[in-house]
Amino acid sequence: MAAPAPASSAASAAADREEIVFLDVETSTPPCVLLEFGAVVVCSRRLVDVSSYATLVRPADLDAVRHSGITRDTVADAPPFRDVADKVYDVLHGRVWAGHNIVKFDSVIIRDAFAEIGRPPPEPKGMVDTLPLLTQWFGPRAGDMKLASLANYFGLGKQRHRSLDDVKMNIDVLKNCATVLFLEQSLRGVLPVQNMLEGATIRTQATSDPATNRDSNELVGSHVEEMMLDTTTQMDARSSGVFSGFVELDDVSTESIKISVMLLHRCGPRTIFQHKGAQFQLSCPDLEVRWVSTKFLPKLSIMVDIPDNLSKVLVFCDNLAQSSSPEGHSSSPWKPLIERDGNANPMVRLKIATIVSGNTAMYSTQIYQKECNGVIPKLASRKVDAAELESMLQGNKVDAFFSLEIYDYYQQNAGIRLVAKRLDVHF
């Protein structure tokens, strides 16, 4: 058996793997014993096949083989898992895993198989489980949402319950569902142009450090959104109006807040809030800054007091995302958006959008200084350092323009983060 790669080189190799690997395992009826593994690696941008791998696995006890399509004779001459573990690890480790019910089934079987031979399992860069995803956004038109039912709905033939065949069927099902949803949303006029552009632009590159992974995702997402904001927002810097595209609290109708999923080429699905068919972004004046968090310098965030009307809107969004989004149904515990102080006053954290390159940090959140006379000259927020921003914000009030982003830090926590696009600081 080949020796495991050094941690540093393995982490570097995993960071470069941008493909998505669709996988499936076949097992005997309970107790579940691995009988077959199959995977198709696809280009995350075009969903075309890059490579594939499949292998039967001979279990320790052939009498345990109970499967409608795999018999004892089928696996009698197959290799034990120990002999194919290196190849399975190489196919899976450091890539985004995708499959039907992989979170609760396939990934568990794979981890157990590696544990049985005393080896660490491969780790995914992320997971896309098409069962809860399609149940939420495509069902119940296809019945019980099993792969066989979805395949039958689209006329793709009968499910064979063989790993590689099922993987290819899963990819075809996903493409068909995505096409139908895209056409439906386009016809309804609820697929904003900026979301399509964003889906074609975003790239992420993960590392072995989960904190670094999510920072890179936030960084790229914030940067792209800022570019889109620059092209869609119209406002004179010397006026005290609001950005177009940002909804004032008095204009919010909770009945018009919906959740939508778009498929990003590099990152898989991304869940967004919509309000009356447009991306939901909020503006709220006179938020008092409690403190500035510098724990993750050069990245900054601010904790602000919020009024009751904003609290009600955010609680609604929090409950909607937890109950109706794919992230809300993941294995990650949900982190409430609103925090409360000792007197039960509601507070939220606003993230300052930060672009980090080596030892250099630029703050892409637009910072303006709001004088008593209402004149708002733009500050050079990209050029100031963290200490200067902290001094500028601490203890002051801000008019905030922010987006609501649903996240899922795999097996750590999921929730909503608020990303400040613009802050008008009261002086």
Side-chain angles (χ1 to χ4, degrees), residues 1-5 10 17 19-42 49-124 127-131 144-152 156-174:
M1 181 178 68
R17 311 187 88 179
E19 306 93 351
I20 299 174
V21 53
F22 283 80
L23 62 113
D24 179 75
V25 300
E26 294 297 323
T27 67
S28 65
T29 54
C32 292
V33 177
L34 179 61
L35 300 178
E36 188 177 40
F37 170 84
V40 174
V41 180
V42 301
D49 295 4
V50 175
S51 62
S52 63
Y53 173 72
T55 180
L56 289 164
V57 177
R58 187 178 75 245
D61 181 9
L62 286 174
D63 290 333
V65 177
R66 291 184 295 276
H67 187 281
S68 59
I70 300 175
T71 67
R72 281 179 287 182
D73 291 340
T74 307
V75 296
D77 296 326
F81 184 74
R82 184 181 300 275
D83 291 354
V84 297
D86 283 344
K87 181 62 177 177
V88 173
Y89 187 96
D90 181 64
V91 170
L92 295 178
H93 185 66
R95 288 187 169 117
V96 174
W97 298 2
H100 212 63
N101 199 31
I102 60 168
V103 170
K104 294 183 178 179
F105 185 73
D106 302 75
S107 63
V108 176
I109 297 297
I110 290 166
R111 290 181 182 278
D112 289 347
F114 276 89
E116 287 179 5
I117 62 172
R119 289 189 51 178
E123 294 296 340
M127 282 200 197
V128 180
D129 193 325
T130 58
L131 175 57
D144 58 14
M145 301 305 290
K146 292 180 179 179
L147 188 59
S149 302
L150 288 160
N152 181 64
L156 299 176
K158 294 186 65 175
Q159 184 182 7
R160 292 191 59 204
H161 292 288
R162 295 299 300 269
S163 290
L164 205 54
D165 291 327
D166 286 1
V167 167
K168 293 177 180 178
M169 179 173 280
N170 192 6
I171 295 172
D172 288 339
V173 162
L174 184 61

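- When side chains are defined from C-beta on, C32 counts as touching I109, because their heavy atoms get closer than 4.5 Å.
- Here the CD1-CZ distance, from I110 to F105, works out to 10.0 Å after rounding to the nearest 0.5 Å.
- The nearest pair of heavy atoms linking V75 to I70 is CG1-CG2, 3.5 Å.
- Closest approach of E123 and H93 over heavy atoms only: N-ND1, 3.0 Å.
- To the nearest 0.5 angstrom, D166 atom CG is 11.5 Å from L23 atom CG.
- Counting only distance, with no hydrogens or angles, the side chain of T130 and the backbone of G99 share a donor-acceptor pair below 3.5 Å.
- Using a 4.5 Å cut-off on side-chain heavy atoms (C-beta onward), L147 and M169 make contact.
- In this structure, the side chains of Y89 and P121 stay at 4.5 Å or more apart for every pair of heavy atoms.
- Within 6.0 Å of CG on D61 lie more than 12 heavy atoms contributed by other residues, nucleotides or ligands.
- Here the options are V167, V173, L150, D24, the test is side chain to side chain contact (heavy atoms under 4.5 Å, CB included), and the partner is H100; only L150 passes.
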Steps toward salt bridge (charged side-chain N to carboxylate O under 4.0 Å, His left out) verdict (R162, E26): CA-CA 7 Å; R162 295 299 300 269; E26 294 297 323; over 6 Å; no

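- Atom CE of M127 and atom CZ of R95 lie 15.0 Å apart (nearest 0.5 Å).
- By the 4.5 Å heavy-atom criterion applied to side chains, S28 and L35 are counted as neighbours.
- Within the 4.5 Å cutoff, no side-chain heavy atoms of P59 are placed close to those of L34.
- Nearest approach of K104 to D129, heavy atoms of both residues: N-OD2, 4.5 Å.
- With rounding to the nearest 0.5 angstrom, the OG atom of S163 is 15.0 Å from the CZ atom of F22.
- Note: F114 and F81 have perpendicular aromatic rings, judged against thresholds of 30 and 60 degrees for the angle between ring planes.
- The main-chain N or O of S51 is never found under 3.5 Å from a side-chain atom of D49 such that the two would form a donor-acceptor pair.
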Step-by-step side chain to side chain contact (heavy atoms under 4.5 Å, CB included) determination, V21 to V91: CA-CA 8 Å; V21 53; V91 170; 3.9 Å; yes

Pair V96-I20, side chain to side chain contact (heavy atoms under 4.5 Å, CB included): steps then yes or no: CA-CA 5 Å; V96 174; I20 299 174; 4.2 Å; yes

Audit row: D86, R119, salt bridge (charged side-chain N to carboxylate O under 4.0 Å, His left out) steps and yes/no: CA-CA 10 Å; D86 283 344; R119 289 189 51 178; 2.6 Å; yes

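- Separation of atoms OG (S149) and CD (Q159) is listed at 9.0 Å; rounding is to 0.5 Å.
- By the 4.5 Å heavy-atom criterion applied to side chains, F37 and V84 are not counted as neighbours.
- Rounding to the nearest 0.5 Å gives a distance of 9.0 Å between CG of D83 and CD1 of I117.
- Residues P79 and L56 approach most closely at CD-O, 3.7 Å, considering heavy atoms.
- Within the 4.5 Å cutoff, no side-chain heavy atoms of I171 are placed close to those of K168.
- No side-chain donor-acceptor contact under 3.5 Å links S52 to the backbone of A39.
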Working for salt bridge (charged side-chain N to carboxylate O under 4.0 Å, His left out), residues E116 and R111: CA-CA 9 Å; E116 287 179 5; R111 290 181 182 278; over 6 Å; no

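- Summarising the geometry of L164 relative to Y53, their closest heavy-atom pair is CD1-O, 4.0 Å, with the distance given to 0.1 Å.
- In terms of heavy atoms, G157 sits closest to A151 at O-CB, 3.8 Å.
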